[in-house]
There are 2 protein chains.
Amino acid sequence: MAEEHATKQFIRNAARRLFAERGYNAVSMRDIAGAIGKQPGGIYNHFPSKQTILVDLMEENLTRAHAAAIAPLPDTDPVARLEAFVRGHVKHNIENPDDIFIAYMELRSLEAEGAAQIMSKRNAYEAALRAILRDGQKSGAFTFADPAIHARAILSMLGGVTVWYRDTGAQSPAVVAENYVQAVLQSVGVPYSAPTKGQ
Amino acid sequence: MAEEHATKQFIRNAARRLFAERGYNAVSMRDIAGAIGKQPGGIYNHFPSKQTILVDLMEENLTRAHAAAIAPLPDTDPVARLEAFVRGHVKHNIENPDDIFIAYMELRSLEAEGAAQIMSKRNAYEAALRAILRDGQKSGAFTFADPAIHARAILSMLGGVTVWYRDTGAQSPAVVAENYVQAVLQSVGVPYSAPTKGQ
DNA sequence: GTCTATACCCTGATAGAC
DNA sequence: GTCTATCAGGGTATAGAC
C-alpha cells in the first residue's frame with residue numbers, strides 16, 4: 001500500500017464515478033479505459049478483473065465509513081453516542097456520494113468471495129449502531145420496540161441522503177445533518193430542539 | 001386492457017422476478033424467455049423492447065402504490081393521515097417486494113421517455129406525503145425543520161423495508177408496520193405507544 | 001403467436017510487440 | 001506499463017417459415 005502507480009488510482013476514480021452513474025453492469029472496461037485516456041487491455045496491469053475493481057472500491061469505502069462514524073464515538077451516554085454516530089455517518093455520506101451509492105446499489109453485483117468479504121464488514125458497522133440502540137433501550141433513554149428493526153430503519157433513512165442530496169444543492173451539509181440528527185433522535189423517542197430553523 | 005394474451009403476463013412476472021434478483025442490466029431477453037419456456041424472439045410479439053418491459057412494470061407499481069397508500073387516506077387530522085399513509089405504504093411494500101426493489105434500484109436504467117413518465121408519477125406520490133407533513137407542521141402537531149427533507153427521510157426509511165424484509169421471515173407484516181408507524185410518528189415529534197412489544 | 005436462424009454489435013479478458 | 005490486435009461468448013433485435 002506504500003507506493004502505487006498513479007494509473008491505478010485514476011482507474012479507481014473513473015470506475016467509482018461511472019459505476020455510480022450508470023451501474024456496474026452498464027459500465028464496460030472500455031468505458032473506464034476511455035475515461036482515463038488509456039486502452040482497455042492496460043487496465044489488467046492494475047486489476048485482474050472488473051469484479052476486483054468493484055470489491056476494491058467497496059472495501060475502501062467501508063474502511064473510511066468506520067473511521068468516520070464508528071471509531072471516533074465518545075464513550076458516554078447513548079444519546080450522545082447516537083448523535084455523534086448520525087453526524088459522522090451523514091458527513092461521510094455527503095462527502096462520498098458515489099461510494100455510498102455503489103455500496104448499497106451494487107451489493108448484488110458481487111460474486112461469492114467479494115460478497116462474503118464486504119458483508120462481513122457491513123454487518124460489523126450495523127452491529128455498532130445496534131449496540132447503541134440496545135444500550136439506550138436498556139437504560140430507558142430510548143423508546144422503540146425492536147432494536148434490529150429500528151437499526152435498519154435508521155440506516156435506511158440515513159442512506160437515503162445520497163439518493164437525493166446531489167440534486168439539492170440548496171441546503172448546506174450542516175443543515176442536512178441537523179435535520180437528520182433531529183429525525184433520528186426523535187425516532188427513538190428523545191426530544192430534540194434544532195439550534196437553527198428551516199433556512 | 002380488456003383481453004390480453006396470457007404470455008404477456010408471464011413475461012411480466014418473469015421479468016419482475018429476474019430484474020429484482022439480478023438487476024435490469026444483468027438480465028437478458030434470453031433469460032426471460034428461458035424462464036417461461038419460450039424462445040427469445042417471441043417476446044417481441046408482446047413488448048417492442050426490453051426497456052418497454054421495465055417501464056411497464058414501474059408504471060403498474062406506481063398505480064397500485066397510489067391506490068394502496070394515497071387514495072384511501074382519511075380526511076381527518078395530520079396524525080391520522082400520516083399513520084394511515086405509513087400503514088398503506090408498508091403494506092404495499094411488503095406485499096410487492098420485487099416491484100419496490102425495482103422501483104428505486106432501476107430508475108437510472110430508464111431511458112429519456114420512460115424516465116420522464118415515471119418520475120412524474122413518483123413526484124406526485126412524494127408530494128402527497130409532503131402535504132401531510134406541512135399540514136401537521138402548520139397545525140403544530142408535528143415538529144421538524146424542513147418538510148421536503150423530512151418527507152424524503154421518511155420515504156427512505158420506509159423504502160428500506162424491502163431491502164431486508166425478505167431475509168427476515170421472523171416478524172409478521174403487522175409487527176413490522178407497527179414498528180414503522182412508531183418510528184415515523186416519533187420522528188415528527190408525535191409520542192406513540194406501540195400496542196404490542198418486541199416479539 | 002411461436003418457432004428457427006441469424007445479423008450485428010459489444011462484452012471481459014488475453015497474447016505479444018515495444 | 002502501455003499498446004494493438006484479437007478471441008470466444010453473449011447482448012438486443014429482426015426476418016421469415018409455419
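Chain naming here is simple, since letters A, B, ... match the order of the sequence lines and numbering starts at 1 in each.
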Inset, instruction - Measure the shortest side-chain to side-chain distance between B:Tyr104 and B:Met58 over non-hydrogen atoms and say whether it is less than 4.5 angstrom. - result: no

Legend entry - Side chain to side chain, B:Phe85 and B:Leu158, heavy atoms closer than 4.5 Å: yes

Legend entry - Summary of salt bridge (Lys or Arg N to Asp or Glu O under 4.0 Å) pairs that have at least one residue in residues 31-47 of chain B, sequence neighbours excluded: B:Arg22-B:Asp31

Inset, instruction - Output every pair passing salt bridge (Lys or Arg N to Asp or Glu O under 4.0 Å) with a member in residues 69-86 of chain A, not counting sequence neighbours, ordered by first then second residue. - result: A:Glu83-A:Arg87

Given atom [atom1] of [X] and atom [atom2] of [N], what is their separation to the nearest angstrom?
X	N	atom1	atom2	answer
B:Ile36	C:dG1	CD1	P	13 Å
B:Phe47	D:dT12	CZ	P	15 Å
B:Gln39	C:dA5	CD	P	10 Å
B:Lys38	C:dG1	NZ	P	11 Å

Inset, instruction - Mind checking side-chain contact (heavy atoms from CB on, under 4.5 Å) for B:Pro173 and listing every partner two or more places apart, or none if nothing turns up? - result: B:Ile94, B:Tyr165

Legend entry - B:Arg108/A:Glu106 salt bridge by N-O under 4.0 Å criterion: yes

Inset, instruction - Could you check which residues of residues 5-16 of chain A get a heavy atom under 4.0 Å from DNA chain D? Sort them by number, please. - result: A:His5, A:Thr7

Legend entry - Donor on one side chain, acceptor on other, B:Ser28 and B:Lys50, under 3.5 Å: no

Legend entry - A:His5: ring pair (Phe, Tyr, Trp, His ring centres under 6.0 Å) partners, not counting sequence neighbours: A:His46

Inset, instruction - Could you encode protein contacts along nucleotides 12-18 of chain C as a string, one character per nucleotide from 5' to 3', using B for base contact, S for sugar-phosphate-only contact and - for no contact, with a heavy-atom cut-off of under 4.0 Å? - result: BBB----

